[in-house]
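Take a look at the structure set out below.
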Amino acid sequence: FGSILCLIGFTFIGPLDFIPIEPELWIIIVSLVFIGLGIASKLVTAFISALHDSIHRRGFADDISTYGLVSAMFFCACSVGAFIGPSLGGFLLDRIGYRKAILVILIVDILMVFLHVFHLIVRRVQSSRSDELRPLLTQNS
């Protein structure tokens, strides 16, 4: 859902070359709202997913130390991204211009959506296979 909101926002913030509208202030404001809501939903779900994965799949304790560790790693990764993103964005802006730089961001976001869908399909197939291998009756010792 967050990626779809970001895709809509990035499509109209430029707007992209193939969209025959001129950039206006209200379009930019609405696009930024879509991008902000999309990024917020992606960050919240990514953090919750990392916390869930650490506790349930990796075996960490469900206590404050695990929450602190996941939080520190998550915000460290966000900080690295907050440094690399504007640096790369400034480079793209200088080299290819604003509208084409937005197109690059849009393509990367579309690629991430496809990778996420692929990951969900693989996890679903793996979980259905593990269900098939689990015995119907277990013996209690």
Cluster question for you: counting only ILVMFWY and a side-chain heavy-atom cut-off of under 4.5 Å, with indirect links fine, are [X] and [Y] together?
X	Y	result
Leu7	Ile19	yes
Phe12	Val33	yes
Leu115	Leu106	no
Ile110	Phe118	no
Leu43	Val70	yes

Indicate yes or no: at least one non-hydrogen side-chain atom of [X] is less than 4.5 angstrom from one of [Y].
X	Y	result
Tyr67	Ile64	yes
Phe34	Ile13	no
Lys42	Asp109	yes
Cys6	Ile39	yes
Met73	Cys78	no
Ile55	Thr66	yes

**Report entry** Greater than 12 external heavy atoms within 6.0 Å of Ile4's CD1
**Finding:**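 No, not enclosed.
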
Query raised in the report: Which pairs, with at least one residue in residues 70-97 and sequence neighbours excluded, count as a ring-ring contact (aromatic ring centres under 6.0 Å, His included)?
Result: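 Matches after skipping sequence neighbours: Phe47-Phe74.
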
Approximate separation, where rounding is to 0.5 Å, of [X] [atom1] and [Y] [atom2]:
X	Y	atom1	atom2	result
Lys100	Arg95	NZ	CZ	14.0 Å
Phe60	Leu69	CZ	CG	6.0 Å
Ile35	Ile105	CD1	CD1	8.0 Å
His119	Arg124	NE2	CZ	11.5 Å

**Report entry** Positive for side-chain contact (heavy atoms from CB on, under 4.5 Å) with Leu32, one of Ile29, Val30, Ile28
**Finding:**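 Testing Leu32 for a side-chain contact (heavy atoms from CB on, under 4.5 Å) against Ile29, Val30, Ile28 leaves exactly one candidate, Ile28.
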
Report task. Keeping the roles fixed (side chain from Ser3, backbone from Val113), state whether a donor-acceptor pair exists under 3.5 Å. Result ->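 Answer holds: no.
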
Report task. Using modelled atom types only, decide if a donor and an acceptor are shared between the side chain of Ser49 and the backbone of Thr45 within a distance under 3.5 Å. Result ->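 No; judged by distance alone, with no hydrogens or angles, the pair does not exist.
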
Query raised in the report: Which pairs with one or both residues in residues 22-33 pass side-chain hydrogen bond (donor to acceptor under 3.5 Å, both in side chains), sequence neighbours excluded?
Result: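 side-chain hydrogen bond (donor to acceptor under 3.5 Å, both in side chains) check on residues 22-33 returns Glu24-Trp26.
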
